[in-house]
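Remarks on the structure that follows.
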Amino acid sequence: MAQDQRRTTIVDVARHAGVSTKTVSRVLNGEPHVTEDLKRRVREAAAAINYHPNMLARALVQRRSHLIGLVYENPSPSYVVDLQMGVLHRLRDEHYRLVVIPIASIAEHEADVVGLLRSAALDGVVLAPPASDSPRIMADLDAAGIRFARIAPTRLLDAGPGNLLDDQAAAREIAAHVIALGHRDIGIIKGEPTHASADMRLAGYRDAFAAAGLPIRADRVKQGHYTHDSGYAAACSLLASPDRPTAILAQNDDMAVGALIAAREAGLSVPGDLSIAGFDDSDVARIAWPAITTIRQPVFDMAVAAADMVVAQLRGTEADMRRHHRHELIVRQSTGPAPHRGIAGTAS
C-alpha cells in the first residue's frame with residue numbers, strides 16, 4: 001500500500017499540538033503575545049510531523065520574501081565566515097532566510113548595489129564594510145523601502161542602525177603594545193584604500209606613535225589590500241632594505257600572515273628578529289606559527305546584532321538601533337622585545 005504523500009499543513013500541526021490553527025499561525029509567523037509554553041508545543045509538534053512552511057505561499061500572502069541579504073566585500077575568508085555565521089545564528093528559528101551577496105568592489109559598483117538587492121526581492125539587508133559607510137547605498141535603500149543595519153560603520157553614524165567599533169582606539173592600543181616592547185622602527189601595511197577602516201587604523205597608529213614621540217616614516221608605510229598576497233608583497237618591500245624595521249603592523253590578519261611568510265623567506269625569526277601584529281583575530285591568526293598578536297573585534301556578535309536590528313524593523317518591534325562593541329588586544333607569540341641593533345642597523 002502506497003504511503004500518504006500529501007504535504008503536512010498547519011491543520012496537522014494544530015491537531016498534534018492540541019491548539020487552534022490560528023495559534024499555530026501566530027507562532028510560526030513570530031507574532032507577539034504568545035506564551036513560551038505554546039511556542040514550545042507548536043514547534044515540537046511541527047518537528048514531530050516534519051512540517052515545513054511553504055515559504056512561497058507565505059511570501060505571496062504577506063507580500064514579503066522573508067529573505068535577508070548580507071552585503072560584503074572583505075576578501076578575508078575568516079572574516080566573511082564570522083559574518084555569515086552571526087547572521088545565521090540570529091535567524092535560527094526565524095522565518096527569514098539568508099542571501100549572501102558578495103560585491104567585488106563596492107566603490108566601483110556603488111550605484112548598482114540596491115538594484116541588485118531589489119531584484120533579489122529582499123526584505124532587509126545587513127551591510128558590512130565598506131558598504132556600511134556608503135551614503136549612496138543607504139539613501140537608495142531608504143528610497144526602496146528596504147530595511148538595513150550596519151556593521152562597523154566609521155562615517156555618518158546617525159544615518160541608520162549600526163554596530164559600532166572604535167577602530168582608531170583599537171589600532172592605537174596594538175601599536176602602543178609594539179612600541180612598549182622597545183620597537184622604534186616600525187613598518188605599516190595598510191588595508192584596502194576604499195575601506196574607511198584603513199584610514200581609521202592608520203590614525204590610531206599615528207596616535208600611538210605621537211604619544212611615544214616617534215615619527216611615521218613614509219618609506220615604512222606600504223599599501224596592502226586586506227589580502228595575504230598583498231601583505232606578503234608589502235612585507236617583502238619593507239624587509240628588502242638593509243635597515244629593515246624591527247616590527248610590522250599589518251591592518252588585518254591575512255596581511256600579517258603574508259608578512260610572516262615573507263619574514264621566513266628572508267631568513268628572519270619571528271619574534272626574535274621581527275615582530276608582527278595583525279588585526280581582527282581571525283582563524284588564520286590563531287593557527288599560524290607563531291600565532292599572531294592581534295586585535296579581536298567581535299565580528300560574529302556584530303553580525304548577530306545587525307540581523308536582530310533588521311528583524312526588529314521588519315516586525316515593528318522595539319530594539320536598540322545603535323550598539324557599541326568592545327575590542328580586545330590579544331597578545332600571542334608573534335610579538336616580542338625589539339632586537340638590539342648592531343652595525344648598519346642589523347640585529348645583534
Side-chain angles (χ1 to χ4, degrees), residues 1-71 81-101 116-127 141-142 144-151 160-161 163 300-321 323:
M1 182 176 180
Q3 291 183 336
D4 183 4
Q5 296 295 315
R6 74 180 181 86
R7 184 185 183 94
T8 55
T9 68
I10 64 170
V11 174
D12 301 307
V13 177
R15 184 181 301 114
H16 196 88
V19 299
S20 68
T21 55
K22 183 176 181 179
T23 296
V24 174
S25 179
R26 290 177 64 198
V27 171
L28 296 180
N29 288 324
E31 295 181 16
H33 312 304
V34 181
T35 68
E36 290 301 319
D37 181 62
L38 280 178
K39 291 178 183 178
R40 177 187 56 77
R41 287 167 57 188
V42 169
R43 288 169 179 163
E44 287 179 354
I49 63 175
N50 198 29
Y51 170 77
H52 300 282
N54 187 323
M55 299 303 292
L56 178 59
R58 177 177 290 170
L60 291 172
V61 170
Q62 298 182 354
R63 296 185 179 181
R64 283 187 177 178
S65 66
H66 291 91
L67 299 176
I68 292 177
L70 169 62
V71 174
V81 168
D82 282 346
L83 286 176
Q84 294 182 22
M85 295 304 294
V87 176
L88 287 170
H89 179 81
R90 176 57 186 87
L91 298 183
R92 185 183 302 163
D93 298 325
E94 295 283 358
H95 304 301
Y96 296 98
R97 299 295 179 265
L98 173 63
V99 178
V100 177
I101 304 174
L116 176 62
L117 303 183
R118 293 185 67 176
S119 67
L122 300 179
D123 289 336
V125 62
V126 171
L127 300 175
L141 287 170
D142 283 333
I146 299 176
R147 305 296 188 181
F148 67 90
R150 301 185 290 164
I151 293 175
N163 293 272
F300 177 90
D301 293 340
M302 288 191 286
V304 171
D308 185 62
M309 292 174 180
V310 173
V311 171
Q313 292 176 75
L314 294 173
R315 288 181 175 170
T317 56
E318 293 292 328
D320 182 2
M321 292 298 170
R323 304 181 193 179

### Task
Take Val125 and Val99 through the side-chain contact (heavy atoms from CB on, under 4.5 Å) test and state the conclusion after the steps.
CA-CA 9 Å; Val125 62; Val99 178; over 6 Å; no

What are the two closest heavy atoms between [X] and [Y], and how far apart are they?
{"X": "Val310", "Y": "Gly124", "value": "CG1-CA, 3.8 Å"}
{"X": "Gly69", "Y": "Leu98", "value": "C-CD1, 4.3 Å"}
{"X": "Ala149", "Y": "Ala306", "value": "CB-O, 3.4 Å"}
{"X": "Asp123", "Y": "Ile146", "value": "O-CG2, 4.0 Å"}
{"X": "Ala303", "Y": "Gly86", "value": "CB-CA, 3.8 Å"}

For the atom pair [atom1] ([X]) and [atom2] ([Y]), what is the distance rounded to the nearest 0.5 Å?
{"X": "Asp12", "Y": "Thr21", "atom1": "CG", "atom2": "OG1", "value": "11.5 Å"}
{"X": "Leu38", "Y": "Thr23", "atom1": "CG", "atom2": "OG1", "value": "6.0 Å"}
{"X": "Leu117", "Y": "Leu127", "atom1": "CG", "atom2": "CG", "value": "8.0 Å"}
{"X": "Asp308", "Y": "Gln313", "atom1": "CG", "atom2": "CD", "value": "10.0 Å"}
{"X": "Asp37", "Y": "Arg40", "atom1": "CG", "atom2": "CZ", "value": "4.5 Å"}
{"X": "Tyr96", "Y": "Leu91", "atom1": "OH", "atom2": "CG", "value": "9.5 Å"}

### Task
Using the side-chain contact (heavy atoms from CB on, under 4.5 Å) rule, take Ile68 and Val311 through it: C-alpha gap first, then chi angles, then the decisive distance, then the call.
CA-CA 9 Å; Ile68 292 177; Val311 171; 4.1 Å; yes

### Query
Does Arg150 offer a backbone N or O that forms a donor-acceptor pair with the side chain of Asn163 under 3.5 Å?
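Flag set: sc Asn163 to bb Arg150 pair under 3.5 Å.
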
### Task
May I ask you to decide if Phe300's main-chain N or O and Asp82's side chain share a donor-acceptor pair within less than 3.5 Å?
no

### Query
With a 4.5 Å heavy-atom cut-off, do Leu116 and Val71 have their side chains touching?
no

### Arg41: partners by side chain to side chain donor-acceptor pair (under 3.5 Å), with sequence neighbours left out
none

### Query
Of the options Arg90, Arg97, Arg92, which is the one that meets Glu94 in a side chain to side chain donor-acceptor pair (under 3.5 Å)?
Arg90

### Summary
Residues passing the side-chain contact (heavy atoms from CB on, under 4.5 Å) test with Asp93, sequence neighbours excluded, are none

